[in-house]
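Data block below; observations after.
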Amino acid sequence: MKNQELLTQLRLFYQEDPTDPFNAYALAMALVPTNGSEARQYLEALLKEHPDYLPAYYQLGKLYEAFNEGENALKVYRQGISLAATQQNGRTLEELKRAERMLQEELEDW
């Protein structure tokens, strides 16, 4: 399936059920390569409506990094770290800690 066809299908899924966090997440992930700003909007809205949707924290943090918004990225990573610890999701916890540490080191080098 071509990217445009995939985006069209994911937009339809999202329109059919915008309350399903996976629909927003899948659409945002498909948008990342071509429209980071729109992907960011979906992820921000997703976390506002579903703050327990753990996968979105890493992705939104990476988008903030891409937009040179390091402080926002750190904040999101730290929120995700807290949630991952609460959910006892060790793999995601380590992934978020690693992202936070790498960004922190990068910001300190500035």
Side-chain angles (χ1 to χ4, degrees):
M1 185 179 286
K2 295 179 187 169
N3 192 44
Q4 196 56 43
E5 292 172 14
L6 176 62
L7 280 173
T8 299
Q9 189 64 48
L10 290 171
R11 286 183 195 282
L12 286 173
F13 289 149
Y14 180 78
Q15 289 170 358
E16 288 172 7
D17 188 0
T19 63
D20 182 339
F22 182 76
N23 289 341
Y25 181 78
L27 179 54
M29 292 301 87
L31 285 165
V32 166
T34 58
N35 191 338
S37 295
E38 189 177 1
R40 173 185 173 159
Q41 291 172 356
Y42 279 103
L43 288 173
E44 288 173 341
L46 169 61
L47 287 179
K48 186 175 181 181
E49 296 296 318
H50 302 278
D52 61 338
Y53 198 80
L54 187 56
Y57 287 88
Y58 179 86
Q59 298 300 335
L60 183 56
K62 286 298 176 187
L63 277 173
Y64 283 146
E65 284 190 55
F67 285 104
N68 294 315
E69 296 180 27
E71 293 304 317
N72 284 339
L74 285 174
K75 180 181 175 185
V76 167
Y77 289 147
R78 289 172 181 153
Q79 291 170 339
I81 287 167
S82 176
L83 179 62
T86 300
Q87 291 182 358
Q88 299 180 341
N89 186 323
R91 180 177 174 177
T92 302
L93 177 62
E94 290 308 311
E95 184 176 55
L96 287 162
K97 283 182 175 181
R98 187 171 37 256
E100 178 203 25
R101 186 172 55 252
M102 289 174 64
L103 178 56
Q104 190 69 49
E105 290 171 5
E106 186 178 312
L107 292 175
E108 288 171 2
D109 288 343
W110 272 71

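E108 contributes atom CD, which lies 10.0 Å from atom CG of L103 (distance to the nearest 0.5 angstrom). The structure places CD of Q59 at 7.0 Å from CG of L43, a figure rounded to the nearest 0.5 Å. Put simply, CG on L93 and OG1 on T86 are 10.0 Å apart, with the number rounded to the nearest 0.5 Å.
Pairing each heavy atom of A28 with each of A39, the nearest pair is O-CB, 3.4 Å. Taking both residues in full, the closest heavy atoms of Y25 and L46 are given as CB-CD2, 3.9 Å, listed atom of the first, atom of the second, then distance. Closest non-hydrogen pair, A30 versus L10, comes out as CB-CD1, 3.5 Å.
Qualifying side chain to side chain contact (heavy atoms under 4.5 Å, CB included) partners for E100, counting only residues two or more places apart in sequence or in other chains: L74, Y77, R78, I81. Among residues two or more places apart in sequence or in another chain, the side chain to side chain contact (heavy atoms under 4.5 Å, CB included) test is passed with L47 by A56, Y57, L60.
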Next item on the list: Take Y53 and F22 through the test side-chain contact (heavy atoms from CB on, under 4.5 Å) and record every step on the way to the result.
Entry: CA-CA 9 Å; Y53 198 80; F22 182 76; 3.4 Å; yes
Margin query: Assess the residue pair T92 and L83 against the criterion (side-chain contact (heavy atoms from CB on, under 4.5 Å)); give the C-alpha distance rounded to whole Å, side-chain angles, the decisive distance to 0.1 Å, and a yes or no.
Written below: CA-CA 10 Å; T92 302; L83 179 62; over 6 Å; no
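Using a distance-only test at 3.5 Å, with no hydrogens or angles considered, no donor-acceptor pair links the side chain of E94 to the main chain of N89.
One hydrophobic cluster, built from ILVMFWY side chains closer than 4.5 Å, cannot hold both M29 and L12; they sit in different ones. L6 and L27 fall within a single hydrophobic cluster, where Ile, Leu, Val, Met, Phe, Trp and Tyr side chains are chained together by heavy-atom contacts under 4.5 Å. Note on L96 and L107: same hydrophobic cluster, where clusters join Ile, Leu, Val, Met, Phe, Trp and Tyr whose side-chain heavy atoms are under 4.5 Å apart, directly or indirectly.
Here the side chains of E16 and N23 are not in contact, with every heavy-atom distance at 4.5 Å or above.
Among residues at least two apart or in separate chains, side chain to side chain donor-acceptor pair (under 3.5 Å) pairs with a member in residues 39-48 are R40-E44, R40-E69, E44-Y64.
Between E65 and K62 there is a salt bridge, since a side-chain N of the basic residue sits under 4.0 Å from a carboxylate O of the acidic one. Using a 4.0 Å cut-off between charged side-chain N and carboxylate O, R98 and E105 make no salt bridge.
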